[in-house]
Visitor: 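For reference, the structure I am asking about is given below.
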2 protein chains.
Amino acid sequence: MATISDVASRAGVSTATVSRALNGKSSVDPELAARVLAAAAELGYRPNGPARNLRRQETAVLALIISDVENPFFTAIARGVEDVAHAAGYSVVLCNSDDEPDKEHEYIDVALQERMAGVLLSPTGRGDSAELLSRNRTPVVAVDRPLPNSTGDTVLVDSRLAARQATEHLAEQGYRRIGCLTGPSGVPTADDRLAGYRDGLRAERLPRSDTLVRRSEFKAAGAKEAARSLLSQPEPPDAVLVANNMMAVGVLEAMAELGVRPGRDVGVVAFDDAPWATLLDPPLTVVAQPAYDMGAVAAQLLLGRISGERTEATTTTLSAHLVVRASSTRS
Amino acid sequence: MATISDVASRAGVSTATVSRALNGKSSVDPELAARVLAAAAELGYRPNGPARNLRRQETAVLALIISDVENPFFTAIARGVEDVAHAAGYSVVLCNSDDEPDKEHEYIDVALQERMAGVLLSPTGRGDSAELLSRNRTPVVAVDRPLPNSTGDTVLVDSRLAARQATEHLAEQGYRRIGCLTGPSGVPTADDRLAGYRDGLRAERLPRSDTLVRRSEFKAAGAKEAARSLLSQPEPPDAVLVANNMMAVGVLEAMAELGVRPGRDVGVVAFDDAPWATLLDPPLTVVAQPAYDMGAVAAQLLLGRISGERTEATTTTLSAHLVVRASSTRS
DNA sequence: ATGAAAGCGCTAACAT
DNA sequence: ATGTTAGCGCTTTCAT
C-alpha cells in the first residue's frame with residue numbers, strides 16, 4: 001500500500017508538504033496542494049493509522065463496554081453513542097462484558113493498550129476498572145450504572161423514582177399485593193428499582209412483604225424461574241413490577257404457562273419500552289428509559305473530557321417515564 | 001505511561017530482551033524473564049498498540065459492518081463473530097452502515113486506514129466495497145448477503161428455500177390468497193424471499209398475483225404502511241409472509257389497527273425468531289435463521305483467510321427452519 | 001542467550 | 001511556503 005513518500009515523490013514535493021496538504025494545514029501553496037491531492041488519489045493513498053496514532057500519541061477511537069449487545073436497551077445506547085462519536089470523527093468499538101468483571105477488565109486492557117481516546121462503561125460494579133483507567137489517564141464516562149468509587153462523569157436514569165411511580169400507579173389501579181422482580185443484588189439498577197418499589201409501597205401505605213420480592217439475572221430464563229416461584233406461592237401477588245425488558249419476556253412466559261392473564265389476573269409493569277410491547281394482549285405497560293439520549297449525552301461528555309474542557313466530575317440524571325397500557329389497568 | 005525502555009532499565013536488560021520475554025519467545029533466560037515480568041508488573045506496563053501494529057504491519061482487529069445494531073438478527077451475528085474472534089485474540093469493531101453505501105464506504109475506509117486484519121460485511125449491495133478491499137489486499141467475508149462481484153468468502157442462509165417452505169406451509173393450512181411483504185428491490189435477501197414465495201405458490205399451484213406483494217424498507221414503519229395497503233384492498237390476502245422481524249412488528253401493528261386477527265383472519269409467518277414471538281396471541285410462526293452460527297462461521301472463515309491458509313473462495317449456505325406456531329394454523 | 005541498531009509511516013519542530 | 005530531520009514505541013535482524 002502506498003506510503004506518504006510515494007505520494008511525495010509522485011507530486012515532486014517533500015513528505016512534510018504532503019502531510020500538511022492532506023491535513024488541510026494552512027500555508028500550503030494551492031497549486032502544490034492540488035498536485036498532492038491528485039497524486040494521492042492516483043495512488044489510492046490512505047494514511048497509515050497506526051503510524052499516525054503512534055506519532056500523534058492519540059487515537060480517534062472510543063470503547064463502549066456494555067453487558068450485552070443483544071439487550072435492546074444497550075443497543076439503543078450504542079446508537080446514541082455512535083451517532084455523536086461519528087459526527088465528531090470518532091470510531092466506536094463495542095464490547096460485551098457479559099457482566100463479568102474479568103471480561104470487563106480484559107476490554108479495559110485492550111482500550112488502554114490501543115491507547116483509545118476514552119471509554120464508555122456500564123460497569124459490572126465489582127472490579128477495578130475505574131482505578132485502572134484513571135491511573136492511566138484515560139477518560140471514562142459511566143452509563144446506566146455509577147462507577148464504584150469514581151471521580152468520573154456519570155449518566156444515569158432515575159430508576160428509583162420511576163420504580164416508585166410505577167408502583168404507585170399499580171396501587172392506584174387497585175392492586176394491593178404488588179410484587180417485584182429485580183436483578184442481582186449489588187447491581188445498582190437492580191437495587192434502585194427495588195428501593196423505588198418499596199418507596200411506592202410506603203407512599204401508598206401498603207404492607208411490605210419480602211415474600212413478594214424475587215431476584216434473578218437480568219435475563220429471560222432466570223426471570224421465568226423467579227416468576228414461577230413468585231406466582232405459585234400460597235398468597236401470590238396481584239401485580240408485579242419487572243426490572244428490565246429481558247426479564248419481562250421470562251415473566252410473561254411464566255404467566256402464560258401458569259394460565260395467569262396479565263392485566264386481568266395480575267397487573268404487570270416492566271422497565272424498558274420495546275417495539276413489541278404494544279403487540280401483546282393486553283399491551284404492556286412500561287417504564288420507558290431514554291436510552292438513546294443516555295448514549296448521546298455520555299458520548300458528548302466523554303468527548304468534552306477528551307478535549308480537556310472540563311475537570312470537575314458531573315452526574316447527569318435523566319428521567320424515565322411511565323407509559324400506561326392495558327397490562328396494568330384493571331378495568 | 002511506561003514504555004518498553006522503562007521496563008528494560010528497571011530490569012537491567014535491553015529492550016530487545018524485554019520484547020522477547022513479554023512475547024514468550026524461546027531463548028530467554030528464565031531468570032531474566034522473571035525479572036522482566038516483575039519490572040513490567042511494577043510499572044503497570046502495557047505495550048503500546050499503535051507502535052506494535054506499526055512495526056508488525058498488522059493488527060488484531062476485525063471490522064464488522066452491519067446495517068443496524070438494533071436489529072436482533074444482526075446482534076446475534078455480532079455475538080457469533082465476537083465469540084470466535086475473541087477466542088482467537090482478535091477485537092471486533094462494530095459499525096452501522098444503515099444500509100447506506102456511503103456510510104459503508106466510510107467504514108471500509110476506516111478499516112483500511114487502521115490496517116485492520118479483515119472485514120466482515122453485510123453489503124448494501126450497491127457500492128464498490130468489494131473492489132476497494134481486494135485492491136488493498138484486506139480479506140473480506142460477506143455475511144447474510146453476497147458481495148456484488150466478489151471473489152471472497154460468503155456465508156448465507158438459504159432464504160429462498162425457507163420462504164418457499166413457509167409459503168407451502170401456509171398453503172397446506174388452507175390459505176389460498178397468500179401475500180408477501182418483502183424488503184427493497186435489489187437487496188438479495190428481499191429478492192430471494194420473494195422468489196421463494198413465488199416458488200411456493202407455483203409448487204402449490206396457486207395463482208400468482210402481484211397485487212398481493214408489497215415492498216418496504218426492512219423496518220417496522222415502512223412495513224406497517226405496506227401492510228395497511230395490502231390488507232385494505234378489495235381482495236385482501238388471507239395470509240402473509242413477512243421477510244424480517246422488524247417488518248413483522250409493523251405488520252402486526254397494522255393488523256391490530258385494522259382489526260384483523262393473526263391466524264384466525266389472516267395467517268402470518270415472519271422471518272427471524274424473537275424472544276417475544278411466543279408471547280403474542282396467537283404465537284407467531286417464524287422462519288428461524290441461524291444468526292449466531294452465521295457470525296461464528298464467518299469469523300472462522302475470515303481468520304482462516306487472514307492466516308493465509310486458503311486461497312479459493314467458499315460459499316457457505318446455512319439453512320433456516322420453520323417454527324410453526326399458531327399464527328399460521330387455521331384450526 | 002543477549003544487545004545494538006535499524007526502521008515501520010507519520011507529524012512537527014526547526015531551519016531556510 | 002517548503003524541506004530536512006528527529007523521533008513516537010516497538011520488533012527484528014544482525015552481531016557477539
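This one's a predicted model, so the numbers in the text were calculated from it and none came from an experiment. Lettering of chains follows the sequences in order, A, B, ..., and the numbering in each one begins at 1.
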Visitor: Mind checking whether A:Glu82 and B:Asn96 have side chains closer than 4.5 Å, heavy atoms only?
Guide: yes

Visitor: So among B:Lys103, B:Arg145, B:His105, B:Glu104, which one has a side-chain hydrogen bond (donor to acceptor under 3.5 Å, both in side chains) with B:Thr124?
Guide: B:Glu104

Visitor: Working to the nearest 0.5 Å, report the span between CG of B:Leu22 and CZ of B:Arg46.
Guide: 12.0 Å

Visitor: Check this for me, if you would: do B:Asp29 and B:Arg20 make a salt bridge, where the nitrogen-to-carboxylate-oxygen distance has to be below 4.0 angstrom?
Guide: no

Visitor: Using a heavy-atom cut-off of 4.0 Å to chain A, what are the terminal contacting nucleotides of DNA chain D, in 5' to 3' order?
Guide: D:dA1 to D:dG9

Visitor: Can A:Asp128 and A:Arg135 be counted as an ion pair, charged N to O under 4.0 angstrom?
Guide: no

Visitor: Assign a letter to each nucleotide of nucleotides 6-16 of chain C from its 5' end: B, base within under 4.0 Å of a protein heavy atom; S, sugar-phosphate only; -, no contact.
Guide: BBBBBBBB---

Visitor: Identify whether the distance between the nearest side-chain nitrogen and carboxylate oxygen of B:Asp98 and B:Lys219 falls below 4.0 Å.
Guide: no

Visitor: Are A:Thr189 and A:Asn244 close enough, and set up right, to give a side-chain contact (heavy atoms from CB on, under 4.5 Å), and what steps lead you there?
Guide: CA-CA 10 Å; A:Thr189 46; A:Asn244 104 332; over 6 Å; no

Visitor: Measure the CD1-CG distance between A:Ile66 and A:Asp144 for me, rounded to the nearest 0.5 Å.
Guide: 10.5 Å

Visitor: Taking OP1 and OP2 of C:dT2, is either one under 4.0 Å from a side-chain nitrogen or oxygen of B:Thr17?
Guide: no

